Enquirer: 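Sharing a structure here in structure tokens format.
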Amino acid sequence: MLIKCKSKGSAVLVQLMGELDHHSAKEVKDQLELYLRDSNVKDLILDFEQLRFMDSSGIGVLIGRYNTLKKRNGQMAVVNVNKQVDKIMTISGLYRIIKKIS
Amino acid sequence: MEIKNEMQVEFMALSQNEAFARVVVGAFATQLNPTLDELSDIKTAVSEAVTNAIVHGYENNGGQVIVSAKLYENKIEIEIKDKGKGIENVAAAREPFFTTIPGEERSGMGFTVMESFMDDVYIESALKEGTIVRLTKTIDHKAKGE
Ligand SMILES: Nc1ncnc2c1ncn2[C@@H]1O[C@H](COP(=O)(O)OP(=O)(O)O)[C@@H](O)[C@H]1O
Ligand SMILES: [Mg+2]
């Protein structure tokens, strides 16, 4: 998994490039937590344009980061979600806590 | 129903083989001319079952995972087998958000994902003997008028 980050004010935009499964979950989690370590960061936008695959191992990774941000009254959003990933997000109810921006 | 083709792979229960397993089954499934969406569905379900064999069946301590697939005229049947610890309560395991590893690492949505991406999910499990998950999906393009 290749992970890139841009930051602007209190928001960070993170691009995930690759496949988010049980194998890559820990790496993604650790890297995202690193970006969120600064408590001034309030909002996380994940760009999924190049996220080719996600299974249920990704759900916990997203919920965990949501919980980190919720404590600071921050928000989380996803952009450029492909059909396969969208199906996982929908089934798991993740769109109730994470906004999809198109 | 007549079997048109059959394959089997066996690999170590290592997380890097999750991607390997879904790619192998996906490549085999293309013989049925699935749509890209159907192919993603199959790969996702295989990923879930193989991950379960590795993290739950063998509790990340190694062992062998066996994945086999059979192609019929308009159907694929995939079996994911481990000789690990087995499932105590299969009905409970199928419930959404049920997991024996709480915390954020597992979501308990694996079987729910398999059930919504495939037509049928059959589970056979015995404690200390292991688990077989059989995933079935119909790929019937004639029925869709293609
Ligand atoms: N191959 C397996 N061997 C032993 N237990 C399993 C296996 N597959 C699933 N389970 C059990 O079923 C539960 C639910 O599985 P699943 O829906 O994939 O959720 P998760 O993997 O997130 O826990 C697991 O927590 C585990 O207890
Ligand atoms: Mg699972």
Side-chain angles (χ1 to χ4, degrees), chain A residues 1-2 16-36 44 46 48-71 76 78 80-98, chain B residues 11-23 25-26 34-60 65 80 93-99 101-118 135:
Chain A
M1 176 76 77
L2 191 65
L16 295 184
M17 291 168 274
E19 307 196 336
L20 177 48
D21 61 3
H22 159 250
H23 180 66
S24 63
K26 184 158 190 317
E27 178 197 354
V28 175
K29 175 195 160 181
D30 290 348
Q31 193 60 47
L32 290 177
E33 277 303 313
L34 209 64
Y35 298 144
L36 300 182
L44 171 66
L46 292 169
F48 281 175
E49 183 168 17
Q50 293 184 65
L51 182 69
R52 293 189 307 270
F53 177 87
M54 180 171 102
D55 65 16
S56 76
S57 299
I59 297 170
V61 175
L62 299 184
I63 294 178
R65 307 304 65 75
Y66 168 80
N67 287 332
T68 302
L69 291 168
K70 197 174 67 174
K71 288 182 205 134
M76 209 166 141
V78 289
N80 300 321
V81 187
N82 80 23
K83 224 167 167 179
Q84 189 270 336
V85 177
D86 192 64
K87 225 166 145 177
I88 298 282
M89 300 279 301
T90 303
I91 292 166
S92 57
L94 276 174
Y95 287 135
R96 286 198 286 267
I97 55 171
I98 299 168
Chain B
F11 49 85
M12 289 169 78
L14 299 170
S15 67
Q16 56 266 49
N17 286 330
E18 291 155 9
F20 168 74
R22 54 184 189 257
V23 168
V25 177
T35 62
L36 285 178
D37 289 346
E38 286 167 337
L39 206 55
S40 295
D41 289 352
I42 292 167
K43 285 182 177 175
T44 311
V46 168
S47 191
E48 295 294 350
V50 169
T51 301
N52 280 353
I54 295 168
V55 304
H56 302 297
Y58 294 118
E59 298 178 295
N60 294 306
V65 181
I80 297 90
R94 280 177 180 270
E95 288 291 316
F97 302 108
F98 176 91
T99 179
I101 305 182
E104 77 171 58
E105 207 183 310
R106 309 303 319 153
S107 61
M109 289 299 284
F111 280 124
T112 306
V113 167
M114 288 182 244
E115 277 168 3
S116 43
F117 284 54
M118 301 296 281
L135 306 166

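Computed from a predicted model, the values in this text were never measured in an experiment. The figures that follow rest on heavy atoms only: side chains count, while hydrogens, waters and symmetry mates do not. Note on naming: letters A, B, ... go to the chains in the order of the sequence lines (proteins, then strands), and numbering restarts at 1 for each one.
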Enquirer: Under the side chain to side chain donor-acceptor pair (under 3.5 Å) test against His22(A), which residue among Glu105(B), Glu18(B), Glu48(B) passes?
Expert: Glu18(B)

Enquirer: Report which part of Ile91(A) has an atom under 4.5 Å of a heavy atom belonging to chain B: side chain, backbone, both, or neither.
Expert: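 Both the backbone and the side chain of Ile91(A) come within 4.5 Å of chain B.
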
Enquirer: With a 4.5 angstrom heavy-atom cut-off, could you sort out which part of Arg65(A) is near chain B: side chain, backbone, both or neither?
Expert: side chain

Enquirer: Which atoms form the tightest heavy-atom contact between Arg106(B) and Ser56(A), and what is the distance?
Expert: NH2-OG, 4.2 Å

Enquirer: Can you check whether Val113(B) reaches Asp55(A) side chain to side chain, under 4.5 Å on heavy atoms?
Expert: no

Enquirer: For Ala19(B), is it the side chain, the backbone, both or neither that has a heavy atom under 4.5 Å from a heavy atom of chain A?
Expert: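 Both the backbone and the side chain of Ala19(B) come within 4.5 Å of chain A.
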
Enquirer: Under 4.5 Å heavy-atom distance to chain A, tell me which part of Thr44(B) shows up: side chain, backbone, both or neither.
Expert: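 Thr44(B) touches chain A through backbone and side-chain heavy atoms alike.
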
Enquirer: Measuring heavy-atom distances to chain A, does Asn17(B) have an atom under 4.5 Å in its side chain, in its backbone, in both, or in neither?
Expert: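 Contact with chain A involves no heavy atom of Asn17(B) at all.
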
Enquirer: May I ask you to check whether over 12 heavy atoms, not counting those of Met17(A), lie within 6.0 Å of atom CE?
Expert: yes

Enquirer: Can you tell me how far CG of Asp21(A) sits from OG of Ser47(B), rounded to the nearest 0.5 angstrom?
Expert: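 CG of Asp21(A) is found 5.5 Å from OG of Ser47(B).
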
Enquirer: Could you walk me through whether Ser57(A) and Thr51(B) pass the side-chain contact (heavy atoms from CB on, under 4.5 Å) test, one step at a time?
Expert: CA-CA 9 Å; Ser57(A) 299; Thr51(B) 301; 4.2 Å; yes

Enquirer: For the pair Lys43(B) and Gln84(A), evaluate side-chain contact (heavy atoms from CB on, under 4.5 Å) and give the outcome as yes or no after the intermediate values.
Expert: CA-CA 10 Å; Lys43(B) 285 182 177 175; Gln84(A) 189 270 336; over 6 Å; no

Enquirer: Taking Lys87(A), Lys83(A), His23(A) one by one, which has the highest count of heavy-atom pairs under 4.5 Å against chain B?
Expert: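 Winner by heavy-atom pair count: His23(A).
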
Enquirer: Measure distances from Asn60(B) to the heavy atoms of chain A and classify the residue's part below 4.5 Å as side chain, backbone, both or neither.
Expert: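 The side chain, not the backbone.
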
Enquirer: Do other residues, nucleotides or ligands put more than 12 heavy atoms under 6.0 Å from Leu36(B) CG?
Expert: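 No, because the 6.0 Å sphere around CG of Leu36(B) holds 12 heavy atoms or fewer from other groups.
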
Enquirer: Can you tell me which portion of Lys29(A) sits under 4.5 Å from chain B's heavy atoms? Options are side chain, backbone, both or neither.
Expert: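 Side chain only.
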
